[in-house]
Amino acid sequence: MAGDKFGKGHHLHLVDGSAFIFRAYHALPPLTRKSDGLPVGAVSGFCNMIHKMIEGNTGPDAPTHAAVVFDKGSHTFRNDMYDQYKANRDEMPEDLRPQIPLTREATRAFNLACLELEGYEADDIIATLARQAREAGGRCTIISSDKDLMQLVGGGVEMLDAMKNLRIDSEGVEAKFGVGPDRVVDVQALAGDSVDNIPGAPGIGVKTAALLINEYGDLETLLSRADEIKQPKRRETLIEFAEQIRLSKRLVTLDTETPIEVTLEELEVKDPEPGPLMAFLAEMEFRTLTRRIAEQMGVEAPEIADTPAPVAEGAPEAVPFNHSAYEIVRDMAALEAWIARAHAVGYVAVDTETTSLNEMTADLVGVCLSTEAGLACYIPVGHREGGDDLFGGEKRVDGQLPLTDVLNALKPMLEEPSILKIGQNMKYDAKILARYGVDVAPIDDTMLMSYAMHAGLHGHGMDTLSDRYLGHQPIPIKSLLGSGKSQITFAEVGIADAAPYAAEDADITLRLWQQFKPALHRAQVTTVYETLERPLVPVLARMEMAGIKVDRDTLSRMSNAFAQKMAGLEHEIHALAGTPFNVGSPKQLGEILFDQMGLEGGKKGKTGAYATGADVLEDLAAQGHDLPARVLDWRQLSKLKSTYTDALQDHINAETGRVHTSYSIAGANTGRLASTDPNLQNIPVRTEEGRRIREAFIAEPGKVLVSLDYSQIELRILAHIAGIDALKQAFREGQDIHAITASEMFNVPLDEMTPDVRRQAKAINFGVIYGISGFGLARNLRIPRAEAQGFIDRYFERFPGIRDYMDATRDFAKSNGYVQTLFGRKIHTPEINAKGPKASFAYRAAINAPIQGTAADVIRRAMIRMENAIEGCPARMLLQVHDELLFEVEEDAVDDLIARAREVMEAAADPAVQLSVPLTVDAGQGANWAQAH
DNA sequence: ACGCTCACG
DNA sequence: GACGTACGTGAGCGTA
């Protein structure tokens, strides 16, 4: 019979592989491979199920042909029909994702045909093959319990629930749906399916649907005669939702004509070959299964090492760096070859070279790709002759492909969902390419991988990472561009010099990725990377590109006013000093105050200069000295003018009229973002004079700025983490948290609370978040140290949970070298076991990091979900200021935006973390940021 | 390049 | 018992 055409007497088994995987994943604990921590629980379960199935395939029902069928990709033709199809499905768990390709390998290792088809679900392939088997006169058994497949039963096709070992034939289907297999889709179309998000007819379930179909024969007859139905509700539903029901039917109906390129004859059952199967099982390190199958096959089980592989930190690279091996791409054939390489391996490291570090204005000069360690190319597109002539007519260097040709060729690859684009600080490259109409996705980012694994240990720039993890020092960019005044742009660097530098960056990035990818699992920060780092990249890129409108005239007027006031103050200060000096020089000011004028309390810092900080000057001013008081005023104005009203004007983009900040994702150790060029996270707000600078941040005509900020988020997180019932209750009841603290500490009833007592309690609450010390609190409250210590003692007495939290956090940091946020972010504290003041710093940072970091995680989650949540609302998210999000919204959509954004922010911890305190969000709106805040 | 000062959360 | 401190950032300025 072997080799015969499939037909009578043959029996095809079709396994719903994707269902196997999910069942295996959920049934088993999260096993990991011992040598490197790769998650393999689902693969293990999958192999056991396949093995068990093969073992049981004896006797008259044994298959002559078989295949395991998988879903491929998440987008199918059904999504084109209905964008909500399966839209309520959760994302695939992060530790399952890397196991998916391994299950394909497992299938092949068992010598089973492995089928999948882009754009189709496994069910469609199964439907197609089952139809072919039936038409050929053979039998077919579908190994699955998915009711969506029941429409295929009949005419020699049956289903088998492998778990319950239950065969389902036409009668079984009728028992389940109340109709025969041929009418299953009609019933499903009416009943809908919440799991797959099939809408169906509202209020009609399987029972009613079967009743109706049995009465009218089929769905179309039912719908055309819907007006005959007696029950008014039912009648109206069927008439009103007729189209939705028809759509549902199309969604549940399986495609029996998928273009699968395999013949039934090719699916003939073959015995597993010991070689490849043993090799795969051993590679997965499945000890028990390897031994058992080896015994059954009568072969020797391969040896599986029992020790974790050594961590290759700082190990020398396997492939040496060879700059002359990099290719300069100068023709389309070479470019196409590189694109083909990316398609072949499914990933590619990408790096762009540009004329400046400002992504909003930089021009593309070249693109680098790497698909393999040591193998990289440079594609020059924007090199120009240096030293432009008198007419400014810079000439394009010869030997470069036209920019548009290169972009047209690269765009499909850079946007191809099945090719992973790897970058170091990919937000930069993505923004550059976005300006050339390329939407890079999906991405991985070695900087963010390092941040997830190594926050607190070292920086995450390419040079640091290359040195540390590849033992290689990259070519310094300075050697190409020079520095200072004579610095040139990358466009002016000769292609021959540029290529090794540029291609090397892609090579390094790829090598780092190869090393970091498995290390991410070992460090158990995959979820942090996948949910808190990587998805933030496109969100921030869009915020930065949106920018915020800043009114130059407002700033300019303020600058002039500040300049006038400063001149007056400067005059007074010089008069008071009796001599002109540079008020902006702390050194000169210190000498004037403490040497010349002989004021008390001059303290020199480590550089030998007097300290003249605001606290020092305030003390002197409080003693009645005018000069330091004037200097304080002058300094405030000077700060506002130079840092804000002047500098901000230089950041207004000529094309957009807006200011585009850049957020560093891996800048702050705790998970907070940092804003640079310019920093829009420290625009003044605390003093009235400074606050007015926010009036220059405005909405476009017809739009409004809306600010939403978390109320007391860090204290709420502290109350949750440390489990302080009194504080948690106060938050639940929406009470004044500082007043409650004061009341508890000083035994003052709430209605007798004075502002001063409340202020002290507030300082203590914040002190706790910062890793409180008597010295620090004393300085902040300007009270004697002993008194401050007394406050702290009383606070710990009243809220012993705080002390427990601090002790537990310190102990954890000491034994693990890091602390964690509620979402699993790790912040390393390498100096916690040092001696001296360093340890004190590390201790306080360790106390603070889980609280600040958890708050940072929360708002990151909100930002990542925000774009979906406000879709359709004419609004854009512009800025993040740690606990605040600023939006620009069309006037008539303000209330809608506030409602939606608030909902996302308040629920941002769910479902990963169930906070025992509510998160609440305050909202404001106005024509400018001062009003909105 | 580095420290000081000060803006924010 | 002494040490030197509130946590996390970035920018502009003066000084070396």
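Remember, predicted model here, so these are calculated numbers, not experimental data. Below, read A as the first sequence line, B as the second, and so on, with proteins coming before strands; counting in each chain starts at 1.
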**Prompt:** If you count the non-hydrogen atoms of other residues, nucleotides and ligands that lie under 6.0 Å from CD in Glu600(A), is the total more than 12?
**Reply:** no
**Item:** With Arg672(A) via salt bridge (charged side-chain N to carboxylate O under 4.0 Å, His left out) - residues at least two apart
**Value:** Glu714(A)
**Message:** With a 4.0 Å limit, can you tell me whether Arg686(A) has a side-chain N or O closer than that to the phosphate oxygens OP1/OP2 of dC8(B)?
**Reply:** yes
**Asked** If you look at every strand shown and take non-hydrogen atoms under 4.0 Å, does Ala609(A) touch a base, only sugar-phosphate, or nothing?
**Response** nothing
**Asked** How would you label the contact of Ile769(A) with the nucleic acid (heavy atoms, under 4.0 Å): base, sugar-phosphate, or nothing?
**Response** nothing
**Message:** With a 4.0 Å limit, can you tell me whether Arg672(A) has a side-chain N or O closer than that to the phosphate oxygens OP1/OP2 of dG9(B)?
**Reply:** no
**Prompt:** Gln852(A) CD to dA6(C) P: how many Å, rounded?
**Reply:** 16 Å
**Complete:** When Arg844(A) and Gly836(A) are each assigned the nearest nucleotide of DNA chain C, the 5'-most assignment goes to Gly836(A)
**C1' gap between dC3(C) and dC6(B), integer Å** = 27 Å
**Request:** Using a heavy-atom cut-off of under 4.0 Å over every strand shown, decide if Asn682(A) touches base, sugar-phosphate, or nothing.
**Result:** base
**Request:** Select base, sugar-phosphate, or nothing to describe what Glu714(A) touches, counting heavy atoms under 4.0 Å on all strands.
**Result:** nothing
**Request:** Describe the nucleic acid contact of Gly613(A) in one word from base, sugar-phosphate, nothing, applying a heavy-atom distance below 4.0 Å.
**Result:** sugar-phosphate
**Asked** With a 4.0 Å cut-off on heavy atoms, is Leu777(A) in touch with a base, just the backbone sugar-phosphate, or nothing at all?
**Response** base
**Request:** Write down the distance between CD (Glu689(A)) and C1' (dC6(B)), rounded to a whole number of angstrom.
**Result:** 15 Å
**Message:** Counting only Watson-Crick pairs (N1-N3 plus N6-O4 or O6-N4) and G-U wobbles (N1-O2, O6-N3), all under 3.5 Å, who is the partner of dA6(C)?
**Reply:** none
**Message:** To the nearest 0.5 Å, what is the distance between CG on Leu878(A) and CD on Glu544(A)?
**Reply:** 12.0 Å
**Request:** Quick one: label Ala846(A) by what it contacts on the DNA or RNA (base, sugar-phosphate, nothing), any heavy atom closer than 4.0 Å.
**Result:** nothing
**Prompt:** Atom CD of Gln880(A) to atom C1' of dG8(C): distance rounded to whole Å?
**Reply:** 13 Å
**Prompt:** Given that Ala845(A) and Ser773(A) both sit by DNA chain C, which one's nearest nucleotide is further toward the 5' end?
**Reply:** Ser773(A)
**Request:** For the side chain of Asn848(A), starting at C-beta, report the closest nucleotide among dC4(B), dG9(B), dG8(C).
**Result:** dG8(C)
**Complete:** When rounded to whole Å, the CD1 to P distance for the pair Ile683(A) and dC8(B) reads 9 Å
**Request:** Write down the distance separating the C1' atoms in dA7(B) and dG4(C), rounded off to the nearest Å.
**Result:** 25 Å
**Asked** For the residue pair Phe791(A) and Tyr795(A), is the inter-centroid distance of their aromatic rings smaller than 6.0 Å?
**Response** no
**Asked** Does Gln588(A) have a side-chain nitrogen or oxygen under 4.0 Å from the phosphate oxygens OP1 or OP2 of dT15(C)?
**Response** yes
**Message:** Any base atoms under 4.0 Å from Ser840(A), or only sugar-phosphate, or nothing? Heavy atoms, all strands.
**Reply:** base
**Request:** Please check if the distance between the ring centroids of Phe766(A) and His738(A) is under 6.0 Å.
**Result:** yes
**Residue Lys639(A), side-chain heavy atoms: nucleotide from dG9(B), dT5(C), dC6(B) that is nearest** = dC6(B)
**Prompt:** dG8(C), dA6(C), dC6(B): which one has an atom nearest the side-chain heavy atoms of Ala668(A)?
**Reply:** dG8(C)
**Prompt:** Under 4.0 angstrom, heavy atoms only, what part of the nucleic acid is Phe766(A) near: base, sugar-phosphate, or nothing?
**Reply:** nothing
**Asked** Roughly how far apart are Ser675(A) OG and Gln880(A) CD, rounded to 0.5 Å?
**Response** 9.5 Å
**Prompt:** So, are Arg658(A) and Glu888(A) salt-bridged, with charged N and O less than 4.0 Å apart?
**Reply:** yes
**Request:** Using a heavy-atom cut-off of under 4.0 Å over every strand shown, decide if Ser675(A) touches base, sugar-phosphate, or nothing.
**Result:** sugar-phosphate
**Prompt:** Now, which nucleotide makes the Watson-Crick or G-U wobble pair with dT15(C), with each of the two distances under 3.5 Å?
**Reply:** dA1(B)
**Asked** What does Gln636(A) touch in the nucleic acid at a heavy-atom separation under 4.0 angstrom: a base, only the sugar-phosphate, or nothing?
**Response** sugar-phosphate
**Asked** In whole angstrom, what separates Glu591(A)'s CD from dT15(C)'s C1'?
**Response** 12 Å
**Prompt:** Looking at dG8(C), dA7(B), dT5(C), which one has an atom nearest to any side-chain atom of His882(A)?
**Reply:** dG8(C)
**Complete:** Rounded to whole Å, CG of Leu879(A) lies from C1' of dC8(B) at a distance of 13 Å
**Request:** Assign Asn780(A) to base, sugar-phosphate, or nothing according to its heavy-atom contacts below 4.0 angstrom with the strands shown.
**Result:** base
**Nucleotide dG10(C), atom P - distance to CG of Leu648(A) in whole Å** = 17 Å
**Distance below 4.0 Å between Thr643(A) side-chain N/O and dG10(C) OP1 or OP2** = no
**Prompt:** What nucleic acid atoms does Arg785(A) come within less than 4.0 Å of, heavy atoms only: base, sugar-phosphate, or nothing?
**Reply:** base
**Message:** Under 6.0 Å from the ring centre and within 45 degrees of the ring axis: does the NZ or CZ of Arg779(A) meet both conditions for the six-membered ring of Phe775(A)?
**Reply:** no
**Asked** Heavy atoms under 4.0 Å, any strand shown: does Ala614(A) hit a base, just sugar-phosphate, or nothing?
**Response** sugar-phosphate
**Message:** What is the distance, to the nearest angstrom, from the CD atom on Glu884(A) to the P atom on dT9(C)?
**Reply:** 20 Å
